[in-house]
Amino acid sequence: MTELGKHMRDLKQVLYGDSESEPVAEACAQLTQEFFRENTLRLVIVCLPKLNLETRKDATQVVANLQRQQVQSKLIACDYLEKNIDLMDILVTGYEDSDLALHYGAMLRECIRHQSVAKYVLESEHMKKFFDYIQFPNFDIASDAAATFKELLTRHKSTVAEFLSKNYDWFFEAYNSKLLASDNYITRRQAVKLLGDILLDRSNSAVMTRYVCSRDNLRILMNLLRENSKSIQIEAFHVFKLFAANQNKPPDIVGILVTNRSKLLRLFADFTTEKEDEQFEADKAQVIKEIAALEPKDRP
């Protein structure tokens, strides 16, 4: 293991250079080819628990760098991972070991830069585990898991849109009940911000249309608008405005908005951001206009 530690330091020096020299492209390409040809990535991931802390840090940086190294304009790390996709199972479940979680988490985020690898994780049973990982009592591990979760749900647009369409019911049920309704302030704040990023992305327009037709979703967002935290209120507003802007509101959505119209209009009258924000003010004015003009719809 001492030898492996020295080996990792040497690999890191080739890939990153040092205070005296920059990395040499030819050496990096050769190292990359040998690393994957000799199955070293599997060895590093499997043996990580046996390494000391410094070697784990070096190994994490080496694995991260190799995901970006091109050999003859090709990312050979991607080809390797597609053939050894079971390594993702080790990396994801690494969150369950507090000593390894941050190392495996950093490696995982680099590996899911490859679309095919991200697709595997999204479509696996592992996705359901993230709802628990994000709420771990260890703040650093929970934050790391939240960063990976965000990356999975925002980086590869077409893959994410397909995943959300296929898994809409269970995913948003878990998202609403475990994250948006979490007792943890940071979890709620991150979750409502990410929800806005997801729904406002044009690639997810079909998912957004479905989301804003649900009265349960609307009630959750209205509760978040009443939070004491200004930052949660602002992020909740960015999702709520999608409900207001929907020109094909179902009758039950219209009913809830009409019933709560005076409360909502009072809330938005005093609703401001800390810094002047013209777009926010324009959005707010539009939402107020939409809600003020609503007429109750007869249910079909």
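Owing to the predicted nature of the structure, the values given are computational and were not obtained by experimental measurement.
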Judged by atom type as modelled, is there a donor-acceptor pair below 3.5 Å linking the side chain of Q190 to the main-chain atoms of R188?
-> no
For the pair N204 and L199, evaluate side chain to side chain contact (heavy atoms under 4.5 Å, CB included) and give the outcome as yes or no after the intermediate values.
-> CA-CA 6 Å; N204 299 323; L199 296 181; 5.8 Å; no
Is any side-chain heavy atom of L31 closer than 4.5 Å to a side-chain heavy atom of E34?
-> no
Hey, is CZ on R226 packed in by over 12 heavy atoms from elsewhere, all under 6.0 Å?
-> no
If we only count heavy atoms from C-beta on, is the P23 to Y16 side-chain gap below 4.5 Å?
-> no
Please test K230 against T273 for side chain to side chain contact (heavy atoms under 4.5 Å, CB included), starting from the C-alpha separation and ending with a verdict.
-> CA-CA 8 Å; K230 179 65 89 176; T273 51; over 6 Å; no
From CA spacing to verdict: side chain to side chain contact (heavy atoms under 4.5 Å, CB included), M107, Q67 | CA-CA 9 Å; M107 289 183 188; Q67 303 312 310; over 6 Å; no
Start with the C-alpha gap between D201 and S203, add the side-chain angles, then the distance that decides, and say whether side-chain hydrogen bond (donor to acceptor under 3.5 Å, both in side chains) holds.
-> CA-CA 5 Å; D201 193 304; S203 307; 3.1 Å; yes
Hey, do the aromatic rings of F268 and F237 have their centres closer than 6.0 Å?
-> yes
Counting heavy atoms not belonging to D86, are there more than 12 under 6.0 Å from its CG?
-> yes
For the residue pair L194 and T154, what are the closest heavy atoms and their distance?
-> CD1-CG2, 3.9 Å
Do L122 and W170 sit in the same hydrophobic cluster, where Ile, Leu, Val, Met, Phe, Trp and Tyr count as joined when their side-chain heavy atoms come under 4.5 Å apart?
-> yes
CZ on F149 to CD1 on I134, rounded to 0.5 Å | 4.5 Å
If you group Ile, Leu, Val, Met, Phe, Trp and Tyr by side-chain heavy-atom gaps below 4.5 Å, do L75 and V71 land in one group?
-> no
Where E151 and I112 come nearest, the two heavy atoms and their spacing | CG-CD1, 3.8 Å
Provide the closest heavy-atom pair for A59 versus M8 in the form atom of the first, atom of the second, distance.
-> CA-SD, 3.7 Å
Note: Q135 and F131 closest approach over all heavy atoms is NE2-O, 3.3 Å
Would you check if there is a donor-acceptor pair between the side chains of E96 and Y133 at a distance under 3.5 Å?
-> yes
Could you give the distance from CZ (R215) to CG (L257), rounded to the nearest 0.5 Å?
-> 13.0 Å
Run the salt-bridge test on D197 and K193 with the 4.0 Å N-O cut-off and return the result as yes or no.
-> yes
Centroid-centroid under 6.0 Å between F172 and Y211 rings | yes
Within the side chain of H103, is there an N or O that forms a donor-acceptor pair under 3.5 Å with the backbone of P49?
-> no
Nearest heavy-atom contact between V207 and S165 is CG2-OG, 3.8 Å
Can you name the closest pair of heavy atoms from F271 and F280 and give their distance?
-> CD2-CZ, 3.6 Å
Is the closest basic N to carboxylate O distance between R189 and E227 below 4.0 Å?
-> no
Determine whether L200 and I232 fall in the same hydrophobic cluster, where Ile, Leu, Val, Met, Phe, Trp and Tyr are linked whenever their side-chain heavy atoms lie under 4.5 Å apart.
-> yes
Is R210 salt-bridged to D169, going by a charged N under 4.0 Å from an acidic O?
-> yes
Any side-chain heavy atom of L267 within less than 4.5 Å of one from Q233?
-> yes
Would you give the length of the straight line joining atom CE of M208 to atom CZ of F243, rounded to the nearest 0.5 angstrom?
-> 10.0 Å
Can you measure from CZ (F240) to CD1 (I234) and round to the nearest 0.5 angstrom?
-> 13.5 Å
Would you check if there is a donor-acceptor pair between the side chains of D283 and Q279 at a distance under 3.5 Å?
-> yes
Whether over 12 other heavy atoms sit under 6.0 Å from D183 CG | no
Decide yes or no for R42 and V46: does some side-chain heavy atom of the first lie under 4.5 Å from some side-chain heavy atom of the second?
-> yes
Take N52 and T55 through the test side-chain hydrogen bond (donor to acceptor under 3.5 Å, both in side chains) and record every step on the way to the result.
-> CA-CA 5 Å; N52 65 40; T55 307; 2.9 Å; yes
Decide, yes or no, whether a salt bridge links R219 with D216 under the criterion of side-chain N to carboxylate O below 4.0 Å.
-> yes
Could you go step by step and tell me if Q61 and N65 meet the side-chain hydrogen bond (donor to acceptor under 3.5 Å, both in side chains) rule?
-> CA-CA 6 Å; Q61 289 183 281; N65 186 295; over 6 Å; no
If only atom types and distance count, is the side chain of N260 paired as donor or acceptor with the main-chain N or O of K263 below 3.5 Å?
-> no
Stepwise side-chain hydrogen bond (donor to acceptor under 3.5 Å, both in side chains) test for Y185 and S231 = CA-CA 11 Å; Y185 160 74; S231 56; 3.1 Å; yes
OG1-CG distance between T60 and L48, expressed to the nearest 0.5 angstrom | 6.0 Å
Less than 4.5 Å apart, any side-chain heavy atom of M127 and any of F163?
-> yes
Ion pair present between R9 and D58, side-chain N to carboxylate O less than 4.0 angstrom?
-> no
How about V14 and D10: do any of their side-chain heavy atoms sit closer than 4.5 Å?
-> no
Does a donor on one side chain sit under 3.5 Å from an acceptor on the other, for Q115 and S158?
-> yes
Quick one: do the Y95 and D144 side chains pair a donor with an acceptor below 3.5 Å?
-> yes
Test item: L100 and R56 side chains (from C-beta on) under 4.5 Å apart, heavy atoms = yes
Using a strict cut-off of less than 4.0 Å between a Lys/Arg side-chain nitrogen and an Asp/Glu carboxylate oxygen, indicate whether E290 and K241 qualify as a salt bridge.
-> no
Counting N and O atoms only, with roles assigned by atom type, does the side chain of R155 sit under 3.5 Å from a partner on the main chain of R113, one being a donor and the other an acceptor?
-> no
Hydrophobic cluster membership, L179 vs I186, 4.5 Å side-chain cutoff = yes
Between CD on residue Q13 and CD on residue E20, distance to nearest 0.5 Å = 8.5 Å
Can you find a pair of side-chain heavy atoms, one from I253 and one from V212, that are under 4.5 Å apart?
-> no
Using 4.0 Å as the upper bound for N to carboxylate O, is an ion pair formed by E162 and K119?
-> yes
Linking I/L/V/M/F/W/Y whenever their side-chain heavy atoms sit closer than 4.5 Å, directly or via other members, would Y168 and L180 fall into one cluster?
-> yes
Take L264 and I288, measure what side chain to side chain contact (heavy atoms under 4.5 Å, CB included) needs, and give me the verdict at the end.
-> CA-CA 8 Å; L264 287 165; I288 290 171; over 6 Å; no
